[in-house]
Amino acid sequence: MLSTKSFPVIEATLPIIAERISSITPNFYNRLFAAHPELLDGIFSRSNQKNGTQQQALAGSIAVFATYLVKHPGVTPETMLARVAHKHTSLGVVEEQYPIVYKHLFDAIAEDLGDALTPEIAEAWTEVYWLMAHALIKIEKGLYAQQANAEIYTPWKLVERTETGVDSVSFSFEPADDTPATVAKPGQFVSVRMPMADGVRQVRQYTLSSDIEQANRRTITVKLDVNGEFSPVIHNDLKLGDVLELSNPYGDLVIDEEGAPLVIATAGIGCTPSAAALQTLAARGSNRKVTVLHADQEVGAWPLREQMLDSIAKLPQATLGTWFERGELPEELNAKAGYMNLTDALAEDAEVYLCGPLPFMHAARSQALEAGIPAERIHYEVFGTDVWLAA
Ligand code: HEM
């Protein structure tokens, strides 16, 4: 809870800070990386740094947090904090780094606001920062403690690679040392860390797409982005037997084998969490009612199609609907032409999971809301930085 002294100050200055975020953020990162260049080697993604909107997630989330403190005193934005904490822990963020981020963020704010930043305003926003930081640090400590080991990264060897869909490849890894591995949950992801051609290490998060409950095997499915930095390296340079670094599994968007009727709607490579969940549900003999919806450019482009169809066949209460932009529309896939429409699939008590590109999720989320599904029962997983968080 905000102190009574800071409350009116934050309320009054929120609009100014929210408006200035886009100019504060680049300055913050410039300062941070000038003072700590090591943060660009294996922690922060330099592709995200080039992308203006994604850069704003960190500072933007503080404004969202402040809005919560003012508008819903006593309530914390749990979903946002959990999402950030899981991302942080998969990257190895620790308590000792919070004062560093604080310093450079607040120096950037001071420079941007100039004389408008009175000591009173600086103090109130410092309070917001540390309220949020302590909430994150607490969740992050808990997440680290749940793991089977105290490492951030351990070495894993590539043992299998399988082409799937168009331009997507599944990579399976086994441990390359004796560190005990955590058993993952369906829907979780790992950070993958690899050196790029210039020797600088980069990290990306990938959802585990298969073999979820085998602690000694991690499988991810990666779509090639020819203009990206990371996926071309993993697609083209990684050979069987090569070793790279994987984090422990993180992510709180986990699907259970029991509960309300489930609607999982995905597009393109967004089907990875769905594939993992269906496989795990099938292996556990789940009787949960599941509606699987998938949209893709064409049937052949659908990654992990065989795995998903195999799991659906094993689930007694699973049904499938698909949408393809072009090509054949197989009856056995209950296929329709064009873009997905969720509306018919939504029972009133449905629990909805969405994963795919942002425009797809905007459309799908609107359809679910219009069909009367309350927002708290619509879960979503964004690739990369969650720009919805800061919206
Ligand atoms: C990512 C917030 C402190 C390192 C993020 C994201 C948010 C965020 C919202 C984006 C999450 C997503 O991907 O959806 C915050 C807040 C902080 C804080 C509010 C302080 C109160 C820190 C600290 C570090 C750190 C101390 C360590 C140096 C990172 C990194 C990413 C990240 C490396 C991923 C960004 C990328 O790959 O480009 N943080 N963070 N954060 N944060 Fe933090």
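Order of appearance sets the numbers: ligands from 1, and atoms from 1 within every ligand.
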Aromatic F171 / basic R161 pairing, under 6.0 angstrom, 45° off normal: no
I want to confirm something. Looking only at heavy atoms, which of G42, S45, A63 is nearest to atom 37 (O) of ligand 1? S45
Hey, is ligand 1 close enough to N48 that some N/O pair sits below 3.5 Å? yes
What orientation do Y144 and Y250 show, parallel under 30°, tilted 30 to 60°, or perpendicular over 60°? perpendicular
Parallel, tilted or perpendicular: rings of Y29 and F44 (30°, 60°): perpendicular
Parallel, tilted or perpendicular, as decided by the 30° and 60° cut-offs, for the rings of W302 and H294: parallel
Side chain, backbone, both or neither: the part of K87 lying under 4.0 Å from ligand 1 by heavy atom: side chain
Would one find an N or O of R83, backbone or side chain, under 3.5 Å from an N or O of ligand 1? yes
Basic-acidic side-chain contact under 4.0 Å: R218, E174: no
In H88, the N/O/S atom nearest atom 43 (Fe) of ligand 1 carries the name NE2
Just going by heavy-atom distances, which of V84, L131, V203, I100 is nearest to atom 7 (C) of ligand 1? V84
Is there a polar contact between ligand 1 and Y129, counting only N or O atoms under 3.5 Å apart? no
Select the closest option to atom 24 (C) of ligand 1 among L136, V93, V128, judged by heavy-atom distance. V93
Does atom CG of N236 have more than 12 heavy-atom neighbours, drawn from other residues, nucleotides or ligands, at distances under 6.0 Å? yes
